[in-house]
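Working notes for the structure below.
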Amino acid sequence: MRNDMLELKNVSFQVAEDRGDKEIIRGVSLAVPESKLVVITGPNGGGKSTLARLIAGIEKPTEGRILFQGEDITEKSITDRARLGIAYAFQQPVRFKGIKVLDLIRIAAGKHLAAAGACEYLSAVGLCARDYIDREVNASLSGGELKRIEIATVLARGAALSVFDEPEAGIDLWSFQNLIEVFENMRRTIQNSSILIISHQERILNIADEIVVLKDGRVEKQGPRDKILPQLMGTASAVSECHMISGKGGAQA
Amino acid sequence: MKLDEIQKRLLREIADLHAVPEGAYNIRSNSQMAGRRSTANIEITSKTDVSGMDIRIAPFTKNESVHIPVVLTQTGLKEVVYNDFFVGEGADVLIVAGCGIDNCGNQDAEHDGVHRFYVGKNAHVKYVEKHYGSGEGAGKRILNPGTEVYQDEGSTVEMEMVQIKGVDDTVRTTTAELKAGAKLLVRERLMTHGEQRAISTYVVELNGAGATADVVSRSVARDSSYQKFDAKIVGNAPCSGHTECDSIIMDNGRILAVPGLEANDLDAALVHEAAIGKIAGEQLTKLMTLGLTEAEAEEQIINGFLQ
Ligand SMILES: Nc1ncnc2c1ncn2[C@@H]1O[C@H](COP(=O)(O)OP(=O)(O)O)[C@@H](O)[C@H]1O
Ligand SMILES: [Mg+2]
C-alpha cells in the first residue's frame with residue numbers, strides 16, 4: 001500500500017466576481033506520495049499557484065478535502081499546517097523592511113540557529129552567505145536574490161512536505177544549474193519527506209517521480225514521469241531553457 | 001545621591017546604563033543632580049540663570065562620550081531644563097541623552113528639555129536620545145524635547161531618537177541650521193499605544209553650499225494613538241535634502257504626515273517620501289507559513305520595522 005504525504009480530494013475553489021462566481025480550481029484530486037517528488041506543470045493561469053495556496057492554507061477550498069499524513073487539515077490555519085510540516089516557497093517572495101536574511105532563516109528553522117548554520121542554507125542556493133546574512137529582505141535585493149533566499153528558508157524548515165512555486169523564475173542560467181543540484185540533493189535525501197514543485201522546466205520535470213498537468217483548474221494528466229513526460233515534449237507545457245534567458249529578470253550574475 | 005531600583009531600571013531603558021558610565025556624565029533624578037563627572041576634554045557646569053548645564057567639548061577631542069540621562073519618578077513633577085553643548089572644532093564625540101518617567105501617581109509628570117548644539121568646524125557628533133515611560137498611575141507621562149542644532153562648515157551630526165513605550169504625550173521640535181558642507185542625519189523611531197499622542201516637527205535650513213540633510217522617521221501607531229510628523233527642509237544654497245516618513249498603522253491608530261520642502265536656490269535638490277499603511281497582509285501570511293502565529297508574525301514585522 002502506498003502512503004500519501006498529501007492528498008487532495010475533489011478540491012474546488014471559486015471566488016465571487018462581479019459577473020458571477022469564477023471557478024479557479026475545479027474538482028482537483030491528486031496525491032503526493034511519501035518519499036516522492038511530484039511536479040505540477042501547465043499553462044499560465046491554470047491554477048497552479050492557487051493550488052499551492054490551498055495546500056498552505058492561505059486560501060480555503062469551497063469544496064473538497066485536504067489530507068496531510070492522513071489527517072484532514074481542510075479547516076486548519078496556515079500556522080497549524082506549517083507546524084504540522086508543510087513548507088511553501090512563494091512564486092513571488094515577500095519583502096520586509098528591517099527583517100534580515102538571518103532573522104528570516106532563523107524563524108524558518110524554528111530555533112536559534114548559529115549564523116554558520118544559516119549560511120549553509122544560503123550557500124546551498126548559490127548565494128555567498130557572508131554577503132547576504134546581514135542584508136535586509138527589502139527592495140534592495142534583486143528578484144533572483146529574493147527568490148533564492150525564499151528557497152533557502154524552505155530548506156531551513158526541513159519540513160515533511162516542501163512546496164516550491166516556480167523556483168526557477170527570475171533565476172539566471174548559471175544559478176539554475178545550482179538550483180537543480182539543490183533539488184537533486186533533496187531528492188536523494190527524501191526519505192520520509194516529500195517535495196511538490198510547480199515548474200515549467202524540463203530539467204525539473206526530469207527529476208520528478210510523478211507529473212501532474214493542471215489546465216483551466218482541472219487535472220488534465222497525471223502519472224509517472226515516464227508516462228507523462230513524452231506526451232508533454234514539444235507541447236507548450238514544457239518550455240526549454242531559452243525561455244529563461246529572454247524571460248524577465250533572467251540575466252543577473 | 002543614591003538611586004532606587006525604579007530609577008536604575010529607567011536608566012537601563014534609556015541609556016543602557018548598568019553602572020556609572022565611562023567618560024563624562026551627568027545624571028539628573030527628580031530635578032536633582034545624582035552624579036556628575038567632567039573629564040580633561042569635556043567640562044560640565046551648571047547654569048546659574050536657569051535649570052540646566054553647559055557642556056563644553058574641547059576642540060579635537062576624539063572618541064569620548066557624554067551621558068546625560070534624566071529620570072523622573074515623582075508624580076506631579078514638572079521641569080524645564082536647558083542644556084547647551086559647545087562642540088569644539090574637529091571633535092568626534094558620542095552624546096547619549098534620554099529621559100525616563102515612571103509615574104505611579106495621579107498627577108502628570110513632565111520633562112521639557114531644550115538641547116542646543118553648537119557644532120564646530122568639521123566636528124562629528126553622534127547624538128542618541130531615548131524616551132521611555134512606565135508606571136500605572138492615571139497621571140500622564142509627558143516629554144517635550146526641543147533640539148536646536150547649529151552646524152559649522154564641514155560638521156556632521158547624526159541623531160538617533162527613539163520613543164517606543166509609555167510616553168503619553170510628546171511634542172518634539174527640532175530645528176537645524178547648516179553651513180557649507182555640513183551634514184545632518186536624523187533617524188527617528190516611534191511607537192505609540194493607547195491614547196498616546198506624539199508630534200514631531202523638524203525645520204532644517206540648508207544655508208551653505210554642499211550642505212545635506214536626511215531626516216527619516218519610522219513609526220507605528222497602535223490602539224487609538226495619534227502621531228503627526230511634520231518635516232520641513234529649506235534649501236537656501238546648492239544643497240541636497242531628503243525626508244522620509246514610513247509608518248504602520250494598527251487598530252484605530254492615526255497618523256498625519258506633512259511634507260514640507262522649500263527651495264530658494266536653483267541648485268537645491270529636495271525630496272520627500274511618505275508612506276502610511278497597515279502591515280501588508282502578505283507579510284503576515286509569509287511568516288505564518290514559517291510557523292508563527294498571527295500575533296508573533298506581527299511582532300516580528302514591527303520589531304524589524306523599528307530596528
Ligand atoms: N483571489 C483571486 N481572485 C480572483 N482571481 C484569482 C484569485 N486567485 C487567482 N485568480 C485567478 O485564477 C487564475 C489562476 O491563477 P494562478 O493560480 O496564479 O495560476 P498559475 O499559477 O497556474 O499561473 C488566474 O486567472 C488568476 O487571475
Ligand atoms: Mg503561478
Side-chain angles (χ1 to χ4, degrees), chain A residues 49 52-59 76-111 113 121 134-139 146 149-150 152-165, chain B residues 160-164 185-191 214-222 227 229 242-250 255 257 271 273-307:
Chain A
S49 292
R53 293 164 64 81
L54 286 162
I55 293 166
I58 300 167
E59 305 283 5
K76 288 205 184 297
S77 68
I78 303 172
T79 309
D80 287 343
R81 292 185 201 201
R83 289 179 179 176
L84 282 172
I86 298 178
Y88 171 33
F90 288 19
Q91 181 172 1
Q92 272 148 354
V94 181
R95 295 174 201 265
F96 297 87
K97 275 184 186 160
I99 294 186
K100 292 187 174 152
V101 172
L102 179 60
D103 301 331
L104 208 59
I105 291 177
R106 277 183 177 156
I107 294 170
K111 55 175 192 255
L113 191 68
Y121 298 115
D134 280 325
R135 292 270 300 269
E136 282 183 32
V137 189
N138 63 14
L146 202 60
I149 289 163
E150 179 80 359
T153 59
V154 167
L155 297 181
R157 297 251 2 247
L161 174 67
S162 300
V163 180
F164 299 89
D165 195 348
Chain B
E160 196 185 312
M161 330 271 223
V162 184
Q163 181 175 311
I164 300 294
L185 297 168
V186 178
R187 294 288 176 271
E188 182 183 279
R189 282 173 283 152
L190 178 66
M191 178 151 73
D214 188 25
V215 178
V216 178
S217 165
R218 287 250 177 120
S219 75
V220 178
R222 316 180 83 127
Q227 298 177 8
F229 179 73
H242 171 247
T243 72
E244 187 180 325
C245 165
D246 202 343
S247 304
I248 293 177
I249 40 172
M250 299 170 76
I255 293 179
V271 179
E273 296 175 80
I276 304 174
K278 61 178 192 232
I279 294 177
E282 58 167 17
Q283 292 185 335
L284 290 171
T285 304
K286 178 70 232 178
L287 295 187
M288 281 152 63
T289 65
L290 298 181
L292 301 188
T293 62
E294 188 167 351
E296 287 165 346
E298 211 172 81
E299 195 183 312
Q300 286 283 347
I301 293 164
I302 298 291
N303 284 347
F305 183 73
L306 292 175
Q307 198 77 192

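Quick note: numbers below take in every heavy atom, side chains included, and nothing from hydrogens, waters or symmetry partners. Remember, predicted model here, so these are calculated numbers, not experimental data. Per chain, numbering begins at 1; letters A, B, ... match sequence-line order.
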Among the listed options A:Asn138, A:Ile107, A:Ile86, the residue most often paired with chain B at heavy-atom distances under 4.5 Å | A:Ile107
Which pair of heavy atoms, one from A:Arg83 and one from B:Gly291, lies closest together, and at what distance?
-> NE-O, 2.8 Å
Which heavy atom in B:Gln283 sits nearest to a heavy atom in A:Lys97, and how many Å separate them?
-> NE2-N, 4.5 Å
Are [X] and [Y] side-chain neighbours, meaning at least one heavy-atom pair lies under 4.5 Å?
| X | Y | result |
| --- | --- | --- |
| B:Leu290 | A:Arg157 | yes |
| B:Lys286 | A:Phe96 | yes |
| A:Arg53 | B:Thr289 | no |

Using a heavy-atom distance cut-off of less than 4.5 Å, which residues of residues 99-106 of chain A contact chain B?
-> A:Ile99, A:Leu104
Select one option (side chain, backbone, both, neither) describing which atoms of A:Arg95 are under 4.5 Å from chain B's heavy atoms.
-> backbone
Under a 4.5 Å heavy-atom cut-off, does chain B meet the side chain of A:Gln92, its backbone, both or neither?
-> neither
Under a 4.5 Å heavy-atom cut-off, does chain A meet the side chain of B:Glu296, its backbone, both or neither?
-> side chain
Using non-hydrogen atoms and a 4.5 Å limit, figure out which bit of B:Asn303 sits close to chain A: side chain, backbone, both or neither.
-> neither
Do other residues, nucleotides or ligands put more than 12 heavy atoms under 6.0 Å from B:Glu273 CD?
-> yes
